[in-house]
Amino acid sequence: VQVRNERLSKVEAEAQATASAINHRENQAESAVAQLRAEAEQLRQQVAAAASEAAGKAHALEAAHVAETAQTTRMQELQALATEAHSQREQEATAARGQLEQLRFAITDKDRQLEERNAAMAKKEQDVKDLLRQLAAAGDAQNSPQQQAVDSTAAEEEAV
């Protein structure tokens, strides 16, 4: 009985040691599980923060792309307007050069006409003076009303 009691005590001591070891291992496992859960939660939070940051960056990139596209479109519109304005200015300049050339021709023509008129007037003036001299030389009715009219006309023409 005593051997049995000793064995029983020994088995109980071994069972207690085994139970204590199992409890210790269970505690370690629970601690490890709790640590893994905490790490998993931390990783979930990091993933959520990274996903939120990535979504923010994606939104910012999309907004930047939209802004860049709008700016590119505006630049193309401005370039088209500049090209159109340049073309219109060239057309206006060409038209203005044509009008200027027409005006130069018209002025040259008017100058020529004026010179011809001046030459004709000078010739008529000279003809009148010659006629007046001839009349004076011929002594034809110096005090007659016709002579006085001719003299006053010659004086007026010479004054002009």
Side-chain angles (χ1 to χ4, degrees), residues 1-131 152-160:
V1 169
Q2 187 174 4
V3 172
R4 197 174 108 211
N5 282 341
E6 284 179 13
R7 274 193 204 166
L8 197 54
S9 287
K10 193 176 181 188
V11 169
E12 280 180 6
E14 286 177 7
Q16 278 184 344
T18 303
S20 178
I22 289 174
N23 277 341
H24 181 56
R25 284 187 197 145
E26 283 179 355
N27 287 339
Q28 283 180 337
E30 285 177 13
S31 177
V33 166
Q35 187 177 1
L36 286 174
R37 284 184 181 153
E39 287 176 7
E41 182 59 31
Q42 212 176 21
L43 285 174
R44 269 190 232 119
Q45 289 175 356
Q46 288 175 352
V47 167
S52 176
E53 184 180 341
K57 286 182 180 180
H59 180 68
L61 285 173
E62 184 178 337
H65 177 69
V66 168
E68 183 180 348
T69 301
Q71 188 177 22
T72 300
T73 302
R74 182 66 180 145
M75 289 286 286
Q76 289 171 343
E77 290 170 354
L78 290 174
Q79 286 175 342
L81 287 173
T83 301
E84 183 179 329
H86 179 71
S87 175
Q88 185 176 0
R89 267 188 260 125
E90 284 182 359
Q91 289 174 353
E92 289 172 357
T94 300
R97 282 192 291 272
Q99 289 175 347
L100 182 61
E101 193 59 37
Q102 287 176 348
L103 289 172
R104 283 183 183 150
F105 178 76
I107 289 171
T108 302
D109 190 49
K110 287 293 180 187
D111 283 347
R112 182 189 52 77
Q113 289 174 6
L114 286 174
E115 286 177 14
E116 288 174 359
R117 284 183 187 169
N118 281 341
M121 287 296 286
K123 185 175 182 330
K124 285 182 183 179
E125 203 174 295
Q126 188 60 45
D127 289 347
V128 168
K129 286 180 185 178
D130 289 343
L131 286 174
S152 68
T153 303
E156 287 176 11
E157 287 179 1
E158 286 180 12
V160 174

Original post:
Would R44 and E41 pass as an ion pair if we require N to O under 4.0 Å?
Top reply: yes

Original post:
So which of E12, K10, E6 actually passes side chain to side chain contact (heavy atoms under 4.5 Å, CB included) with L8?
Top reply: E12

Subject >> R112 CZ: over 12 foreign heavy atoms closer than 6.0 Å >> reply: yes

**OP:** Could you tell me whether K57 and E53 make a salt bridge, using a distance below 4.0 angstrom between a side-chain N and a carboxylate O?
**Re:** yes

Original post:
Which distance, rounded to the nearest 0.5 Å, do you find between the CG of D109 and the CG of L114?
Top reply: 10.0 Å

Original post:
Take atom CD in E68; do more than 12 heavy atoms of anything else shown fall under 6.0 Å from it?
Top reply: no

Original post:
Below 4.0 angstrom, N of the basic side chain to O of the carboxylate: do E101 and R97 qualify?
Top reply: no

Original post:
Atom OG1 in T72, atom CD in Q76: separation rounded to 0.5 Å?
Top reply: 6.5 Å

Original post:
Thinking salt bridges, do K124 and D127 make one under a 4.0 Å N-O criterion?
Top reply: no

Original post:
Does any N or O in the side chain of S52 come within less than 3.5 Å of the main-chain N or O of A48, such that one atom is a donor and the other an acceptor?
Top reply: no

Subject >> S31 OG to E26 CD distance, which is reported to the nearest 0.5 Å >> reply: 13.5 Å

Original post:
So how far is it from L78 CG to T83 OG1, rounded to the nearest 0.5 Å?
Top reply: 10.5 Å

Original post:
Under 4.0 Å between a Lys/Arg side-chain N and an Asp/Glu carboxylate O for E77 and R74?
Top reply: yes

Original post:
Quick one: does E39's side chain get under 4.5 Å of Q35's, heavy atoms only?
Top reply: yes

**OP:** Starting at CD of Q99, measure out to CZ of R104 and round the result to the nearest 0.5 Å.
**Re:** 12.5 Å

Original post:
Say you draw a straight line from CD of E14 to OG of S9; how long is it, rounded to the nearest 0.5 Å?
Top reply: 11.0 Å

Original post:
Does Q71 CD have over 12 foreign heavy atoms under 6.0 Å away?
Top reply: no

